[in-house]
Asks: 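Please find one structure pasted underneath; my questions will follow.
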Amino acid sequence: MKLTKIKIIHFGKLSNLTFSLPSKEIDVFFGENEAGKSTTVAFIKQILFGFYLRSNKAPFFEEYEPLAAVSPMGGSLFFELGGSEFELERLWTKGDKSKKGTLTVKKDGHIVPESLFFDNIQNIDGSFYADSFIFNQDTLAQIMKLTENDLVEQIYYLGAAKSTEFLSLRDKFDKEAGTLFKKLGKKPEVNQLLNKRTDELADLSQKQVEFSDYKVLEDDLNKQRTEYLKVQSEYKENNEKLIAAKDLEQKLASYKKYQALKKEFKEVNFSEKDFDLCQSLVVERKNLLASLEESNSQLKSLQESDFDQKQAEKLLLERSSFVEWKNQLENKKYELDKKKKQREQLVALYPFLKKLEQLDANELQRATQKISSKGNSNKSQFMPWIIGLVVMGAFSWMISPILTLLLFILVGYLGIKEAKRKASIREDKANLASFVNKYGFDPNKQNFNLVIEKLNQLKEIELDINNFRSDIENLQSKLQNYTVNLGRYLQQSLSLEDVNEALNNLELTLRQQNVLVANKASLIANIESLKNKLEA
């Protein structure tokens, strides 16, 4: 891979510069101090590995933010590899918190993943690049400070990647080794580990003894397992011999029975006609057995039914009562509605009945007589006398003052009487208003007998309504009980409207059950007949 072109947009003091590197071997930059040579070297590294600005103190990660207030910072590097051109463009603008800037990698003008480029340079980092490819005054000053031994080591390790770091690590490890181990020490970490190792070796020796014992026991176990397998194999072999012996014993018994039957064997005369009859009897017996098996199977299926015929017949017998209760319920509801309408009409014609329906007729009569007996006339009986006496007193004043005094005393007495009469009238009016408010009618304007008659009529209607309600509740209870019993028997939830259909289905099931019972009786008779034929 070769760097072919450098394109600087803004970097330190350099802006809008492009350097082509046409040489196939080496390109050299000449310039005075502060011409930008070190800046260009830093540009190449920071485009490759990031700006980092002030966040990193590694070599050539100095602050190269453009001196002028321009943006963006960065530029591009162009590389040639295997006939393809890679372009690395890294830019940074103010406000970008990543510090590394934004890197874009292109191959032959097309954007590709970063790894496609960095895999070709073995994914080296900025420190490795600075140690291996950059030599400047700072590096020269570091070499001048080296001793002869250090310089020999540097030369010896020259060419090794990160040789300086390697030597620093060597010195660091040498120093740390002195703190980790001391010949006569106990606290250093390595001394502790060595002591621990000694203890663990002793523990290991103990465990080896235990392991030897374990091996002895394991060998003994393997021997016993081998003996067990041998015994098990012998047992299996003997068991097979025992089974064969039992089989021979059964065969021997059969053979002895055969020998005994053979001694009883004798020839009999058996005609062809008898043989044919025997064959037909065998066929007939076979058919009878098949018919008997089928009949028994059918009978068994009929006997497995759990239908409760008596309960079904009882429920169907009560069907007429159910229908009658239902009709009575409808009639009672109709009569109840009729009585309610009568009551509403009566109360509408005589509103005072609303307040009287809870009263007893005798109590009402006593209260009415008490109000009616106090009927005082609004016309005063004393006023004419009072006026006459006042006039007489006015004329008699001139004749006899004593007579005039007597007349005025009489006028005062009559006035007191008149005042009491008016107070009594006001009290009677208040009592009448209280009575009207309590009982709803004026006894002076309303015929009492008519009131009593309508009150009794209302009470009769109320009594009929209560009786109808009681009858309705009783009928509903009967219907509900019947519905519950029917649902419990049928094992399903029923409403009053479902009862008729459920009874129809139950009646159909009962008929089918009766047919099954008849079939069962027929099957039993047929089985007995078949048994008799088989016996014959």
Side-chain angles (χ1 to χ4, degrees), residues 1-9 11-12 14 19-21 23-29 36-65 73-92 96 98-108 110-143 146 153-173:
M1 179 178 290
K2 184 179 184 304
L3 179 63
T4 59
K5 185 166 63 174
I6 302 171
K7 181 180 179 181
I8 302 174
I9 297 176
F11 190 79
L14 304 178
F19 301 107
S20 295
L21 308 176
S23 175
K24 294 183 179 181
E25 295 180 357
I26 189 169
D27 293 282
V28 181
F29 285 73
K37 300 183 296 298
S38 299
T39 302
T40 304
V41 174
F43 174 82
I44 294 173
K45 181 181 178 183
Q46 294 192 20
I47 292 297
L48 282 169
F49 303 107
F51 300 118
Y52 289 96
L53 302 178
R54 295 185 180 88
S55 66
N56 195 312
K57 295 182 180 179
F60 289 88
F61 280 108
E62 298 86 359
E63 176 64 70
Y64 280 99
E65 192 172 346
M73 172 184 174
S76 301
L77 297 176
F78 294 83
F79 296 88
E80 182 181 346
L81 176 64
S84 298
E85 183 184 61
F86 283 92
E87 178 187 355
L88 271 67
E89 181 185 57
R90 190 183 296 273
L91 300 173
W92 179 84
D96 183 359
S98 68
K99 303 297 184 182
K100 292 179 66 174
T102 303
L103 176 64
T104 304
V105 179
K106 296 180 182 179
K107 180 180 180 182
D108 297 329
H110 300 285
I111 296 176
V112 295
E114 299 176 13
S115 60
L116 192 61
F117 172 81
F118 286 98
D119 287 345
N120 285 293
I121 62 172
Q122 305 302 317
N123 292 302
I124 63 175
D125 58 9
S127 298
F128 180 85
Y129 176 82
D131 290 340
S132 302
F133 296 101
I134 298 175
F135 182 84
N136 60 4
Q137 291 178 348
D138 295 332
T139 308
L140 181 61
Q142 292 175 6
I143 293 173
L146 294 175
E153 287 183 344
Q154 290 284 352
I155 293 172
Y156 179 76
Y157 292 108
L158 187 64
K162 299 187 178 180
S163 58
T164 305
E165 293 183 12
F166 178 78
L167 294 173
S168 299
L169 287 172
R170 185 202 63 182
D171 296 337
K172 180 180 178 183
F173 289 156

Asks: Just jot down the salt bridge (charged side-chain N to carboxylate O under 4.0 Å, His left out) partners of Lys107, sequence neighbours excluded, or say none.
Replies: none

Asks: Taking only residues two or more places apart in sequence, or in another chain, which ones meet Ser76 in a side chain to side chain donor-acceptor pair (under 3.5 Å)?
Replies: Glu87

Asks: What's the shortest heavy-atom distance between Met1 and Leu81, and which atoms?
Replies: CE-CD2, 3.6 Å

Asks: Using 30° and 60° as the class limits, which term best fits the ring planes of Phe11 and Phe43: parallel, tilted or perpendicular?
Replies: perpendicular

Asks: Quick one: pull up OG in Ser84 and CZ in Phe117 and give me the separation to the nearest 0.5 Å.
Replies: 13.0 Å

Asks: Could you check whether any side-chain heavy atom of Phe19 comes within less than 4.5 Å of a side-chain heavy atom of Ile8, counting everything from C-beta outward?
Replies: yes

Asks: At what distance, to the nearest 0.5 angstrom, does CD of Glu89 lie from CG of Leu77?
Replies: 10.5 Å

Asks: Taking atom CE of Met73 and atom CD1 of Ile9, what is their separation to the nearest 0.5 Å?
Replies: 11.5 Å

Asks: Rounded at 0.5 Å granularity, tell me how far CG in Leu88 sits from NZ in Lys7.
Replies: 13.5 Å

Asks: For the CZ atom of Phe29 and the OG1 atom of Thr40, what is their distance to the nearest 0.5 Å?
Replies: 6.0 Å

Asks: Could you tell me whether the side chain of Thr4 reaches within less than 4.5 Å of the side chain of Phe86, counting heavy atoms only?
Replies: no

Asks: Rounded to the nearest 0.5 Å, how far apart are CG of Leu3 and NZ of Lys5?
Replies: 11.0 Å

Asks: Run the side chain to side chain contact (heavy atoms under 4.5 Å, CB included) test on Lys2 and Asp27 for me, step by step, so that the C-alpha distance in whole Å, both residues' side-chain angles and the decisive distance to 0.1 Å come before the verdict.
Replies: CA-CA 11 Å; Lys2 184 179 184 304; Asp27 293 282; 3.8 Å; yes

Asks: Excluding sequence neighbours, so at least two apart, what forms ring-ring contact (aromatic ring centres under 6.0 Å, His included) with Tyr129?
Replies: Phe49, Phe133

